[in-house]
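Computed from a predicted model, the values in this text were never measured in an experiment.
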Amino acid sequence: MRTEDVLAATGTGIWRWNNASGQVTLDAKAAELLGLPPERITATESAVRARFHVVDFVELGGIVTLAVAEGRIAEARLRVVAGDGTALRTVRVRLHPHPNGDSDHVPGSPYVLVGTVSEVPEPSPAQTPVTGDWRRSREAFLLDAGRALAEARSTAEVLRVAATLSMPGFSPAGLAVFGLEGDRLSVIGHHGHEPGSEDPFLDMPLHTSYPAADVVRTGRAIYLTSPEEYQRRYPATWSLAEPFGRQSWAFLPLIVAGRTIGAWMASFGYRVAFTPDERSVLTTVARMLAQALSRAYLHESERELTEGLQRTMRPAHKPDIKGLSIAARYIPTGGGLQVGGDWYDVIPLPSGRTALVIGDVQGHDVRAAGIMAQLRIALRAYAAEGHRPDAVLSRASRFLAGMGAASVSDPDGDPDCSDERFATCLYIEADPVTGTLDIARAGHHDPATRLADGTLLVRPTAGGLPLGIETDDDYPTTRLVLEPGETLLACTDGLIETGGHDVETGWARIREVFGARPEAKVEELADALVQAVHGPPSHHMTGPLADRREDDIALLLLSRDTGLLAETITARRTVSTIAQADAARIAEARHQLQELLYDWMVEDQVDGAVLMLSEMLTNVLVHTEGDALMVAEITGDRGARRLRVDVADKSDELPHRRHPGELASSGRGLILMDLLAGAWGVDPRGEGKSIWFEIREDSPPPVWG
């Protein structure tokens, strides 16, 4: 008697489903059970799909996919419906996957399903593993699990989420995630086991007869429904599993982009049959877990690379400079590897002075970070050789220009593809004893000074082109004096122009921070500046806060300690040098004085002081051959303050009163001082002289005529 006849006598039909061709062959009994004419037919997959309830057929697809991946029999109950959707009967199908060819089956290759279909009595909810309630619970669980795993950003978070998953209908008593290190198995994390219990599994060769090792080697899941089955299949390693007292185990591959990266174990304190639905849930969780771990590995690798690059931007040790306090911050942009071309450095010099460097290489990518690291090393080398600030920047510009000329271009030799970059830089050589600052600037923002009372002054300095544009550009040096109690700020444009601000409004925002904290120390000020732009500072800022960042930020704060003078300093003071060959800086000096007098109560006195300063500086540059040194100082309480302005030069020739005609363009300096100053004078010095004037805030207005 034929097998088909025996099966037909028991109400069982045979069908064959070719995945490659999409054809389904049914014998007479199988066709009858599916509501088709009782004869052997070959139908399309869509025609057969129309005979089943749509929800059940979708469920069958998942079960078949799982069975093909595991090399197991797919089994399910499906509702057969008529053309009008009326339910006819419930059938039980069993399908065994076979490779569609001579080779062993690999994921994604064609396959053929051969099996049986038979009618079953109307199932009760207890008999059917796929009830509506169970399906809804499973779908809700998978949605929650997927959402939680997608939000996990580190391996530890992924493992924590996996440990808290409450699977519908069954809950593991222990979980473990195994990884690969070369040809050995390792334990990435576990839950539900005592600390140290993972020791025997930490360095297990991949050829070991252990379920997780088999899963990693083959890429197929292993289900062990009882201790007896475990001991029978893996006698060599049963002694490792026995002490945990588990009753069932599921070992599933963690696969990403077709590559097995590890294995996931779920162990149970009671026996589990691992029905197709339970295996489907476990397989889906394993896929989500693999994706989450892959994202976490990538995120952690990027963070490690970022931290390594960021460490290259910071001095190895924070220098301890007597008389000076230094604070620095680097805040990366929120995109990509969170690293760019901004950097800062603090360099001890052979002369006993200290160099402070801050700069910004064009771009916000790894290329910019690489150029920055090389440029930083070059600047350190030139500074260590003892060169002056202008020479350091000139050499650095030639170095960077040489890097651009030698940059990697298109493989075909297209010169237009070269990635040439430029960099802005501010180089400051500070003398901790005298407070003297020698500053050279290459296309960078000017520094600013917070005076003892919290007033912030942007300090105009001479400068040249950004580094790397010209190989022979000059970088003139500007000398400023940092008085006790004053703080110098140097920063990149990310601190000033973030958040839609331009240079003017950006400096206004910084000025508010300084004015609100006149007594703050440099570390407190650094945090306050970062918070004003991005909120509370953090060493590793992530999430929505990081996404708001538009540009990297680097900042340096240098404060000259007050020491014993801390309680006597009440002056507001600025010092500037105007070079003989740079008459344009007279306008900058006038602006400095206006900023110093920003809250002076008598506006006419401000205009008069600026006019007198302009006359004094012009006189030095026109009638002498040296530079002018301007010192402006405010002392006293608001409403009764005194302004004193000194302009010194190295000429011994004293000014004298002249009587210019109506059309004369000069000769009115001393006449103006007579009219506008409360007091003025000329003080001879050992080498040169100093012309000064004073104005009191509470003095009566000048009488004209």
Side-chain angles (χ1 to χ4, degrees), residues 313 326 328-331 333 340-347 354-364 368-369 371-376 378-380 382-383 387-401 404 421-430 437-449 456-470 473-480 482 487-498 501-504 506-507 510 526 529 533 550-558 576 582 584-585 588 591-592:
M313 289 178 265
I326 297 175
R329 296 290 185 273
Y330 173 74
I331 309 297
T333 184
D342 291 25
W343 90 96
Y344 68 85
D345 206 351
V346 181
I347 309 169
T354 299
L356 293 88
V357 187
I358 193 161
D360 183 2
V361 175
Q362 175 195 16
H364 304 95
I371 293 175
M372 172 276 300
Q374 296 178 73
L375 182 58
R376 176 176 176 268
L379 280 162
R380 270 190 161 262
Y382 298 142
H387 297 294
R388 296 290 298 161
D390 55 337
V392 170
L393 291 192
S394 294
R395 285 166 168 76
S397 185
R398 286 194 292 272
F399 171 82
L400 186 56
R421 305 287 181 102
F422 63 83
T424 66
C425 183
L426 188 69
Y427 184 96
I428 304 170
E429 185 176 304
L437 305 176
D438 291 327
I439 303 173
R441 185 170 59 86
H444 203 81
H445 284 291
D446 285 310
T449 302
L456 184 71
L457 298 179
V458 179
R459 308 305 298 267
T461 56
L465 293 172
L467 305 178
I469 294 180
E470 295 287 346
D473 195 26
D474 292 328
Y475 296 96
T477 301
T478 301
R479 172 164 290 185
L480 302 177
L482 193 66
T487 301
L488 181 85
L489 165 67
C491 64
T492 56
D493 53 9
L495 184 69
I496 300 172
E497 299 176 19
T498 295
H501 288 271
D502 56 21
V503 174
E504 184 176 350
W507 276 119
I510 296 173
L529 288 168
V533 178
E550 304 163 19
D551 197 1
D552 300 342
I553 292 176
L555 67 92
L556 273 170
L557 291 172
L558 175 69
S576 294
D582 193 8
R585 293 206 63 215
E588 296 176 355
H591 183 66
Q592 283 282 291

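- Residue Glu429 comes nearest to Pro389 through the heavy atom pair OE1-CD, 3.6 Å, listed as atom of the first residue, atom of the second, then distance.
- Of all non-hydrogen atoms in Ile510 and Ile496, the two that sit nearest each other are CD1-CG1, 3.9 Å.
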Run the salt bridge (Lys or Arg N to Asp or Glu O under 4.0 Å) test on Asp438 and Arg479 for me, step by step, so that the C-alpha distance in whole Å, both residues' side-chain angles and the decisive distance to 0.1 Å come before the verdict.
CA-CA 5 Å; Asp438 291 327; Arg479 172 164 290 185; 2.8 Å; yes
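- Between the side chains of Asp360 and Thr424, not a single donor N or O lies within less than 3.5 Å of an accepting N or O.
- Just one of Ile439, Ile358, Val392, Asp390 meets the side-chain contact (heavy atoms from CB on, under 4.5 Å) condition when paired with Tyr427; it is Val392.
- The two atoms that bring Leu467 and Cys425 nearest to each other are CD1-CB, 3.8 Å, heavy atoms only.
- Between Asp446 and Leu426, the closest side-chain pair of non-hydrogen atoms is not below 4.5 Å.
- The minimum heavy-atom distance linking Asp473 with Ser394 is given by the pair O-OG, 3.5 Å.
- Nearest heavy-atom pair across Phe422 and Ile469 is CB-CG1, 4.0 Å.
- Remark: Leu437 CG to Thr461 OG1 distance equals 11.0 Å, nearest 0.5 Å.
- Counting only distance, with no hydrogens or angles, the side chain of Asp502 and the backbone of Glu504 share a donor-acceptor pair below 3.5 Å.
- Atom CZ of Arg398 is separated from atom CZ of Arg395 by 6.0 Å, given to the nearest 0.5 angstrom.
- The two residues Glu470 and Ser397 make their nearest non-hydrogen contact at O-OG, 2.8 Å.
- Put simply, CG on Leu555 and CZ on Arg329 are 7.0 Å apart, with the number rounded to the nearest 0.5 Å.
- To the nearest 0.5 Å, the span separating CG on Leu393 from CG on Leu379 amounts to 7.0 Å.
- Put simply, CZ on Phe399 and OH on Tyr382 are 6.0 Å apart, with the number rounded to the nearest 0.5 Å.
- Remark: Asp345 CG to Leu356 CG distance equals 9.0 Å, nearest 0.5 Å.
- Residues Leu489 and Thr449 have side chains not in contact (no heavy-atom distance under 4.5 Å, counting atoms from C-beta outward).
- A donor-acceptor distance shorter than 3.5 angstrom exists from the side chain of Arg441 to the backbone of His444, with no hydrogens or angles considered.
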